[in-house]
Amino acid sequence: MAVPVEEAIAALSTFSLEDEQPEIQGPAIWVSAEPGATNSPIEYSDVSAYRLSLSEDTKALNQLNTLIQEGKEMGSVLYTYRSCVKALPQLPESMKHSQADLYMETYQVLDLEMSRLREIQRWQSSAASKLAADMQRFSRPERRINGPSITHLWSMLKLLDILVQLDHLKNAKASIPNDFSWYKRTFTQVSVQWQDVDTMREELDDLQIFLSTRWAILLNLHVEMFRVNNVEDILQVLIVFAVESLELDFALLFPERHILLRVLPVLVVLATSSEKDSESLYKRVKINRLINIFKNDPVIPAFPDLHLSPAAILKELSSYFQKFSSQTRLLTLPAPHELPLKEAQEYPATYQRQYLIVNHIGAIRAEHDDFSIRFASSVNQLLLLKSTESADAEWCKEVKGNVYDMVVEGFQLLSRWTARIWEQCAWKFSRPCKDAVSLEANEPLGSCSDYEKVVRYNYSAEERKALVELVSYIKSTAAMMQRCDTLVADALWETIHAEVQDFVQNTLAIMLRTTFRKKKDLSRILSDMRTLSADWMANTSKSEPELQSLQPGGEESKGNFFYPRPVAPTAAQVHCLQFLIYEVVSGGNLRKPGGLFGNSGSEIPVNDMKQLETFFYKLSFFLHMLDYTATLVTLSDLGFLWFREFYLESSRVIQFPIECSLPWMLVDHVLESHNAGLLERVLMPLDIYNDSAQQALVVLKQRFLYDEIEAEVDHCFDIFVSKLCESIFTYYKSWAASELLDPSFLFALDNGENFSIQPMRFTTLLKMTRVKLLGRTVDLRSLITERLNKVFRENLEFLFDRFESQDLCAIVELEKLLDVLKHAHELLSKDISIDSFDLMMNEMLENISLVSYSSRLASQIWSEMQNDFLPNFILCNTTQRFIRSSKVPSVSVQKPSVPYAKPNFYCGTQVRLNSAHQSFARLHSGFFGMPHMFSMVKLLGSRSLPWLIRALLDHISNKITTIEPMIMGLQEALPKSIGLLPFDGGVTGCMRLIKEQLNWGKKSELKAEVLRGIKEIGSTLYWIGLLDIALRELDTTHFMQTAPWLGMIPGADGQIMQAQDGGVSPIVNLFKSATAAIVSNPICASPMSFHTMAKQAEAADLLYKANINTGSILEYALAFTSAALDKYCSKWSATPKTGFIDITTSKDFYRIYSGLQIGYVEESVQMSSPSHEVLGDSVAWGGCTIMYLLGQQLHFELFDFSYQVLNVAEVEGVSHTHKNPPSLQGWEALLEALKKARRLNNHVFSMLKARCPLEDKTACAIKQSGAPLHRIKFENTVSAFETLPQKGA
């Protein structure tokens, strides 16, 4: 069944097309080459219906308007003209025979361009004659109609302005004469074979004269004007009108004001070059008034990159118009480039008008804020009015009138602001930068192009900031008014209708009954005004016959009431009303003193004159209000900021780099300045490209210009997204680094606030999903997301590359930098959806595969330990730290160089933040200890740690295998019998005997290799011990977090955990109770989902309980080492043949280590290269662990050479009463070192007994869960440790 239209419309009205995208871009009118709402031709075809004597005037007016449109197209052709000669090919010597063909093709190409120039020549001649004829109509003595109407005056001025601009363009374009010379040359070559070319030559000569003669168009106009009779009167009328309009600010919009400024000097020249009295002009317009206007506006915008100067025009035209050359006061005005430097610097304070926006931005900012608030308030009132069914008529009129006033004010503000940009650009073009230096290349300005001097280096940072602000104010105001187009349309039309009807039905009625009662001619004009514009159908008070029969002074004189109707007057009605008011006021006198509404010699009372003047000016604005969209587009069009055709030609380049493009300069300034106030306006300058593209297609009608704009936009937008993402990433990185600084560190600083980050509002930009650019919609949010995902991955890659270029001590720095990056990711994820940090981390670690346990980081740590850490680092048992030994012969390790990166890949761009975090990293860069172990455990996680542990255990096994033949060599070098050291020889005798018995002189290299092997085994075991401490702390923390949910409590021995009451855990009980309560509710929609959650709680309970009893990594490593030593038990721990302890002939491992220990201790005391700094405390850990696991601890403590020497020294010390007996002198350092070694050995043995107790060489067993079983005899085999046991298997 079909849905009624009313219901369908009502249903559609419920849909909302709004989203969360903020309005931070300009109107962004769709770029289109088709005529649309912005083209609003004004026609006066219905003037004849009003039976006024305006038919001749209207016909001429339409003709002038047609010429104006054609002239604009001619101006576009000239402005966009580019040299064709530069693109012509040059024939090589080998192809000279084809020269005739080249001439013909060149001629055909150039002839097309010359035909356009010929068309311009014909058109200007026709336009000049028609304009002169139109002016002469108003100068005939027999003319009865009173002067040209205001509309006609404006049409004359606009056409004259176009002729002046065409002349200026023709003079400025050097490529046109150059192309013409080539064209004439080729014509001479190709016309040899043609017949009857005389006519073509004549046309060619005429065109050459036209192009080569400066101000040819203006000279031709002068000839046409004074051909039949003089037109001084109409010229003076135009000058008076222009002067009064400029002085009284009658020009409503800035294009009209610029037209007056451009044509005024030309009008003065034409008027003073008359054959009659040339001084008559200054009787109507004092010369001081002209001088003030020219001085106040020394630079006039004409084209996007070309300006006009009244002083320069007057001086140049003086040589073409002899009579004007006597006007010395006008000719002494300085041109902009002639202004003295001091005067130019003081320009804003010296002259009435100021060109630089930076001097006005404060007032503009206040105007914008005030207008935005009041406009929004008026629109809200209008919405409230439309939602009210029976609104009061007076309130309705007040609200709509307020909306009308606000729109008028908005147009005026936009006109004033856009004019300031035009005029500042013209001022900058007139005064190029002379003293600046290229910051990018450090080159003097002399090597820069002219365009760079007027644009790139001509705007200071403050001026760019002010320009960005003003552009954003223009675009935001235009966008705000554009969004209300349909909302305010009826209110505008009704207000205009009410204004017109109130004037013609009430104000004019009063005037007819009072002021003009006895003046029949003027009364007829007022009656005509009522006839052509009164809307009697809206009148509810009296009918038209009754209104005509009213007598003055009656009760009806209080005025008529009429219903407001959205019926606005046509352009013809406005034109006629203005003409009739002009007729009433001027009285037919073209030379009327005091201006148009001056009261000199007029019989009209002041009050009536004021009412006529007010309504006259309102009529002028009605057409702009009715053409709302076109006016808005015109006033907010900033496309001229991109065009640079004149400088492209003068610089002889195809196009300038984007660094010279003013729109991109503004965008780049916002991004580089890091100004939070400007950041949200960064998209506003991009709207300039939309305006310039629209101009290129619709106004200039040149596709190649649009292609250049499009190419620049593509390039600029890519750079913009890249820079914006870099700024976003840098800001969030700095923010994260600031938050992660230690609060106590900040509290201790006097300037702690310097480490804080200035807030930047990127949130609005991150919501932009529809950026309108050149008719396309770009999803900026998606591009930012894509780019940030790439930047985060690049940052991770850099951090891992940096770690790979450093030693293992940099693991703490890596963790801190990753923490900063992760926190930045968390902060950024609140505003935009980017990839998970864990996903990116796993990608960079190459740890995506489910069967991969060796991540990139784990492989690097193991490689670093194997190649650098274990060989070159020594252990300090007291501090529990590994440090790099300065005495170890450095093992050459091939490492990549430290990669370079921008500061934002560290902690942002703030120097203080980077310095603070680097200082923290330097604190941990000289050693490896517990902080590094915690960092490593955190980074590797439970997935890669088992692989690393397995690699370390294999390294221990390999080292044992490696040193086994070396130990065998040392065993062979021992004497057959080594007895106990005698006490009678003292320490000296003992040491001499030890040296005789341990004759390892030829085995020094072998001895050193064994010591290094034992040292690496000890370092590995101690490193695993640190790892065990870190893991136990993490397990404890994990247990404290999970135990309350699992119902676990410590047992009586402090280790075994027991479930409370033997029942279910609290988490399972909680979910079961919640599921039962929810499922029992009849309104439960999906009970199965709650049952699923209850089962998942049970699974989680089992999973976490299984992981409560975790094993010890150190105990596991000791068991593994014990099993690995079982291979060599028969060689390193032989069973005595007699069954008793073998004292003299034993060559077990403890005997080898005893000799090695006393040897390197003695060397550390006596030799210049201390052995302890080469081996550290790791040797004791390695040697004692091997002896302990081989069951040789007691043998070592009984028969160790160093222990025996200490016993001898102790006996000697007791037998002598002296504190330092003579027999011990010289051995104090050695004995102290031996005591230190004994203390260290005792510490190692104590730890081993606590972590791996043995009974008759019985190693601890390891369950499959990883937990050790203590004090149980278990025969170890290496095969038991070939793979790490899986927990819970």
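Count residues from 1 along the sequence.
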In short, M74 meets L166 closest at the heavy-atom pair C-CD2, 3.8 Å

With the threshold set at 4.0 Å, does a side-chain nitrogen-carboxylate oxygen contact exist between D161 and R262?
yes

With distance as the sole test, does E649 use its side chain to make a donor-acceptor pair with the main-chain N or O of A174 at under 3.5 Å?
yes

Using a distance-only test with no angle check, is there a side-chain donor-acceptor pair under 3.5 angstrom linking W664 and E659?
no

Determine yes or no for a side-chain-to-main-chain donor-acceptor pair under 3.5 angstrom, with E316 supplying the side chain and I313 the backbone.
no

For the residue pair F429 and Y647, categorise the inter-ring angle as parallel (less than 30°), tilted (30 to 60°) or perpendicular (more than 60°).
parallel

Check the pair V77 / L700 against side chain to side chain contact (heavy atoms under 4.5 Å, CB included), numbers first and verdict last.
CA-CA 7 Å; V77 171; L700 301 176; over 6 Å; no

Flag, side chain of K428 to backbone of N458, donor-acceptor distance under 3.5 Å:
yes

Does a side chain donor of either S673 or R464 reach within less than 3.5 Å of an acceptor in the other side chain?
no

Begin from the C-alpha positions of E680 and L765 and carry the test side chain to side chain contact (heavy atoms under 4.5 Å, CB included) through to its verdict.
CA-CA 7 Å; E680 292 182 351; L765 288 173; 5.8 Å; no

Mind telling me whether H368 and Y473 have parallel, tilted or perpendicular rings, with 30° and 60° as the class edges?
parallel

Is a side-chain N or O of N914 found less than 3.5 angstrom from the main chain of C907, in a donor-acceptor match?
yes

Mark yes or no for whether E463, through its side chain, and L356, through its backbone, hold a donor-acceptor pair below 3.5 Å.
no

A quick test of your reading: do over 12 heavy atoms of other residues, nucleotides or ligands sit less than 6.0 Å from CD of E119?
no

Between D450 and S651, is the side-chain hydrogen bond (donor to acceptor under 3.5 Å, both in side chains) condition met? List the steps.
CA-CA 7 Å; D450 291 339; S651 302; 5.2 Å; no

Tell me whether the rings of Y451 and F656 are parallel (<30°), tilted (30 to 60°) or perpendicular (>60°).
parallel

So do D637 and T418 actually touch side chain to side chain, heavy atoms under 4.5 Å?
no

Could you walk me through whether F720 and L780 satisfy the side chain to side chain contact (heavy atoms under 4.5 Å, CB included) test, starting with their C-alpha distance in whole Å, then the side-chain angles of each, then the deciding distance to 0.1 Å, before giving a yes or no?
CA-CA 11 Å; F720 162 70; L780 181 61; 4.1 Å; yes

Side chains of F717 and E712: does their closest heavy-atom pair fall under 4.5 Å?
no

Closest non-hydrogen contact found for S476 with M684 is CB-CE, 3.8 Å

Is it the case that the side chain of Y355 and the backbone of V299 share a donor-acceptor pair, with hydrogens and angles ignored and the cut-off at 3.5 Å?
yes

Other residues, nucleotides and ligands only: do more than 12 of their heavy atoms fall within 6.0 Å of CZ on R652?
no

Check this for me: does any side-chain nitrogen of one of D831 and K767 sit under 4.0 Å from a carboxylate oxygen of the other?
no

Looking at side-chain heavy atoms only, is the closest gap between Y81 and S76 below 4.5 Å?
no

Interatomic distance, S727 atom OG to Y732 atom OH [nearest 0.5 angstrom]
12.0 Å

Is V670 close to N675 at the side-chain level, that is, under 4.5 Å between some pair of heavy atoms?
no

Does the distance from a Lys or Arg side-chain N to an Asp or Glu carboxylate O, for E423 and R420, drop under 4.0 Å?
no

Main chain of C425, side chain of D305: is a donor-acceptor contact present, judged purely on distance under 3.5 Å?
no

Interatomic distance, T186 atom OG1 to Y183 atom OH [nearest 0.5 angstrom]:
7.0 Å

Step by step, work out the side chain to side chain contact (heavy atoms under 4.5 Å, CB included) result for L705 and E645.
CA-CA 10 Å; L705 284 178; E645 290 301 303; 3.2 Å; yes

Verify the neighbour count for atom CD1 of I654: are there more than 12 heavy atoms of other residues, nucleotides or ligands below 6.0 Å?
no

Walk me through whether F646 and Y79 qualify under ring-ring contact (aromatic ring centres under 6.0 Å, His included).
CA-CA 8 Å; F646 172 74; Y79 178 70; 9.2 Å; no

Centre of W642's six-membered ring, under 6.0 Å away, within 45 degrees of the axis: is that where NZ or CZ of R644 sits?
yes

What distance do C448 atom SG and R456 atom CZ have between them, rounded to the nearest 0.5 Å?
7.0 Å

Between R82 and D179, does any NZ, NE, NH1 or NH2 come within less than 4.0 Å of an OD or OE carboxylate oxygen?
no

Close side-chain approach of I784 and F729, heavy atoms under 4.5 Å
no

Does W182 have R185 sitting over its ring (NZ/CZ under 6.0 Å from centre, angle to axis within 45°)?
yes

Anything under 3.5 Å between a donor and an acceptor, one on a side chain of residues 897-905, the other on a protein residue two or more places apart or in another chain? List them.
residue : atom : partner : partner atom : Å
K902    : NZ   : E726    : OE2          : 3.2
N904    : ND2  : T730    : OG1          : 3.0

May I ask you to check whether over 12 heavy atoms, not counting those of R912, lie within 6.0 Å of atom CZ?
no

Does P685 offer a backbone N or O that forms a donor-acceptor pair with the side chain of K475 under 3.5 Å?
no

Of all residues at least two apart in sequence or in a different chain, which pass the side-chain contact (heavy atoms from CB on, under 4.5 Å) check with S782?
D779

Tell me whether E786 at atom CD has more than 12 heavy atoms from other residues, nucleotides or ligands lying less than 6.0 Å away.
no

Specify the closest pair of heavy atoms between R776 and D714, including all atoms of both residues, with the distance to one decimal.
NH2-OD1, 3.5 Å

Hey, could you give me the CG/CD1 distance between L774 and I709, rounded to the nearest 0.5 Å?
7.5 Å

Is there a donor-acceptor pair closer than 3.5 Å between any side-chain N or O of E452 and the backbone N or O of S449?
yes

Donor-acceptor under 3.5 Å (K723 side chain, L671 main chain)
no

Looking only at heavy atoms, what is the nearest atom pair of V471 and L666, with distance?
CG2-CD1, 4.4 Å

With side chains defined as the heavy atoms from C-beta onward, is the minimum distance between M481 and L414 less than 4.5 Å?
yes

Taking all non-hydrogen atoms of both residues, which atom of A736 and which atom of A824 are closest, and how far apart?
CB-N, 3.4 Å

Once the angle between the rings of Y731 and F762 is folded into 0 to 90°, is it parallel (under 30°), tilted (30 to 60°) or perpendicular (over 60°)?
tilted

Set out, in order, the CA-CA distance, both residues' side-chain angles and the distance that settles side-chain hydrogen bond (donor to acceptor under 3.5 Å, both in side chains) for H674 and Q758, then state yes or no.
CA-CA 10 Å; H674 305 292; Q758 178 187 5; over 6 Å; no

Rounded to the nearest 0.5 Å, what separation is found between the CG atom of D167 and the CD1 atom of I217?
4.0 Å

Close side-chain approach of S722 to D718, heavy-atom, < 4.5 Å:
no

Looking at side-chain heavy atoms only, is the closest gap between F180 and L117 below 4.5 Å?
no

Around K701, counting heavy atoms of other residues, nucleotides and ligands shown, do more than 12 lie under 6.0 Å from its NZ?
no

Using a strict 4.0 Å threshold on nitrogen-to-oxygen distance, state whether R681 and E469 make a salt bridge.
yes

Can you tell me how far apart NZ (K790) and CE (M840) are? Round to the nearest 0.5 Å.
14.5 Å

